[in-house]
Amino acid sequence: MKKILVTGGLGYIGSHTVVELQEKGFSVVIIDDLSNADISVLDRIEKITGQKPAFHKIDLRDKNAVEVFFKENSVDGIIHFAASKAVGESVENPLLYYENNLHSLVYLLQQCQKHAISNFIFSSSCTVYGEPDSLPITEEAPVKKAVSPYGNSKQISEEIIQDTCNASNIQSISLRYFNPIGAHKSAEIGELPKGAPQNLVPFITQTAAGLRKELSVYGNDYPTPDGSCIRDYIHVVDLAKAHVVALQRLFEKRNSSNFEIFNLGTGRGSSVLEVIKAFEKVTGKKLPYKIVDRRPGDVIAVYADTTKANKELGWKTEKTMEEALASAWEWEKSVRGV
Ligand code: WQD
C-alpha cells in the first residue's frame with residue numbers, strides 16, 4: 001500500500017483529498033500546523049472512511065522538525081497543500097506569506113531529494129493568471145505579475161518546483177484551482193474559515209444561517225452581463241478526486257514531462273449574482289445582500305479551459321455548482337447545529 005504525505009491535510013481541500021486517497025486504497029500521513037484547521041477533522045475523516053490517518057503537528061518552517069519527520073517516516077509521494085492563502089492578508093503581511101509558503105516548499109523539496117521521493121503534487125491557483133487576456137483560460141495563458149503576495153508566492157513556488165525537477169529525479173504536477181466550494185456529502189468536513197469569511201460561498205452560508213446580517217456584493221458595475229464578477233466554482237470533491245488521478249499519473253509515469261500544469265475548474269463561469277440566485281433556488285432561503293464598492297484586486301472574469309485536464313489527466317468535474325451550494329448549506333447547518 002503506497003503511503004502519501006498530505007501537508008495541510010486537515011484543511012478544507014486537504015481533508016477532502018485525504019478522504020479520496022483513503023477510499024482509493026492509499027495510506028495517508030498528515031502534517032498540519034493547525035494554524036487554519038481544527039484537530040477534530042482527523043476524527044471526522046475517520047468517521048467517513050473508517051481509517052484514521054497518521055498525524056504530525058509540524059510547522060513546515062521548522063527545518064529541523066521537517067528533517068526529523070522524514071528520517072522517521074518513509075513516503076511514496078507528497079501532496080502539498082500547507083500554505084497561507086488569504087489574498088488580503090498577504091497584501092498587509094507579505095513576508096509572512098513568502099516565509100511560510102516558500103520556506104516550507106524548499107524544506108519539503110530538499111527532503112524529496114534526500115530521500116528519493118519522486119512524486120510531488122502542488123496546490124496552486126488560477127490567481128497566477130491575473131486578469132486573463134482571453135477566456136476560457138488554458139494552461140498556456142501567460143502567468144502575469146500577481147496582484148498579491150499570495151498569488152506571487154504561488155508563481156514563485158511553481159518556478160522553484162520546476163527548477164528542482166530539472167535538477168533531480170523528482171516529477172511534479174501543479175494543480176491550478178479555480179474557486180473550490182461545497183462540502184463532502186456526509187457534512188462531516190467542509191470549509192471552516194477562521195473569523196469573517198473572505199470567500200463568497202462561506203459568507204453566503206453564514207448569512208443564510210443568521211451569523212451575518214447580509215452579504216456585501218463587491219460591485220455590480222463590471223463589464224459582465226449582470227455587472228458582477230465571474231468565477232469558475234468547482235465542487236471540492238471533484239477537486240479532491242483530481243489530486244488522486246494526478247498522483248496515479250505520476251506513479252504510472254504517464255506524465256509527458258517532469259513538471260506538468262493542469263487547470264482544475266468546471267469550464268463554466270458564474271457571476272456573483274447568479275451564485276446568489278442558485279443558492280436561493282437550491283435552499284429555498286432568501287439571501288439578504290447589498291451592492292457595495294468593488295474589492296481591490298478582484299479580476300473581472302476568470303474560468304477554466306478544461307481540455308488538457310479532461311484529455312491528458314482523464315479527469316472532469318461530475319458535480320454541478322447547485323450540488324456544491326446545496327452541500328455547502330448542509331455543512332453550514334451541521335456546523336451550526338441548525
Ligand atoms: C469570488 C467573487 C468577489 C466575498 C480567491 C483567491 C483564490 C482562491 C479562492 C485560495 C469575487 C465576490 C466575495 C464577498 C463578494 N483562494 N465576493 N462578497 O477572490 O475569486 O479567489 O479565493 O486558493 O486564489 O484569489 O474568491 O470567493 O473571495 O470571491 O461579492 O463577501 O465573489 O468580489 O468576485 P476569489 P472569493
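Just follow the structure's listing: the first ligand is 1, and inside any ligand the first atom is 1. For this chain, numbers begin at 1 and follow the sequence in order.
The aromatic rings of Tyr97 and Tyr150 sit perpendicular, their planes meeting at an angle over 60°, well past the 30° parallel limit.
Residue pairs meeting the ring-ring contact (aromatic ring centres under 6.0 Å, His included) criterion with at least one member in residues 190-239: none, sequence neighbours excluded. Identified under the side chain to side chain donor-acceptor pair (under 3.5 Å) test for residues 70-81, with sequence neighbours left out: Thr7-His80.
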Tabulate distances under 3.5 Å between N/O atoms of ligand 1 and N/O atoms of the protein, writing both atom names on each line.
residue: ligand 1; atom: 18 (N); partner: Ser216; partner atom: O; Å: 2.8
residue: ligand 1; atom: 19 (O); partner: Arg295; partner atom: NH2; Å: 2.8
residue: ligand 1; atom: 20 (O); partner: Asn179; partner atom: ND2; Å: 3.0
residue: ligand 1; atom: 20 (O); partner: Arg231; partner atom: NE; Å: 2.6
residue: ligand 1; atom: 22 (O); partner: Asn199; partner atom: ND2; Å: 3.0
residue: ligand 1; atom: 23 (O); partner: Tyr150; partner atom: OH; Å: 2.7
residue: ligand 1; atom: 24 (O); partner: Ser125; partner atom: OG; Å: 2.8
residue: ligand 1; atom: 26 (O); partner: Asn179; partner atom: ND2; Å: 3.1
residue: ligand 1; atom: 27 (O); partner: Asn199; partner atom: ND2; Å: 3.4
residue: ligand 1; atom: 27 (O); partner: Leu200; partner atom: N; Å: 2.8
residue: ligand 1; atom: 28 (O); partner: Gln198; partner atom: O; Å: 3.4
residue: ligand 1; atom: 28 (O); partner: Asn199; partner atom: ND2; Å: 3.0
residue: ligand 1; atom: 28 (O); partner: Arg295; partner atom: NH1; Å: 3.3
residue: ligand 1; atom: 28 (O); partner: Arg295; partner atom: NH2; Å: 2.9
residue: ligand 1; atom: 29 (O); partner: Arg295; partner atom: NH2; Å: 3.3
residue: ligand 1; atom: 30 (O); partner: Ser216; partner atom: O; Å: 3.4
residue: ligand 1; atom: 30 (O); partner: Tyr218; partner atom: N; Å: 3.0
residue: ligand 1; atom: 33 (O); partner: Asp298; partner atom: OD2; Å: 2.6

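If you look at His243 and Tyr177, their ring centroids are closer than 6.0 Å.
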Extract all donor-acceptor atom pairs below 3.5 Å that involve side chains of residues 132-142 and protein atoms in other chains or at least two apart in sequence.
residue: Asp133; atom: OD1; partner: Lys144; partner atom: NZ; Å: 2.6
residue: Thr138; atom: OG1; partner: Glu140; partner atom: N; Å: 3.2
residue: Glu139; atom: OE2; partner: Asn263; partner atom: N; Å: 2.7

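Remark: Lys114 fails to qualify as a cation-pi partner of Phe70 under the 6.0 Å distance and 45° angle criteria applied to the six-membered ring.
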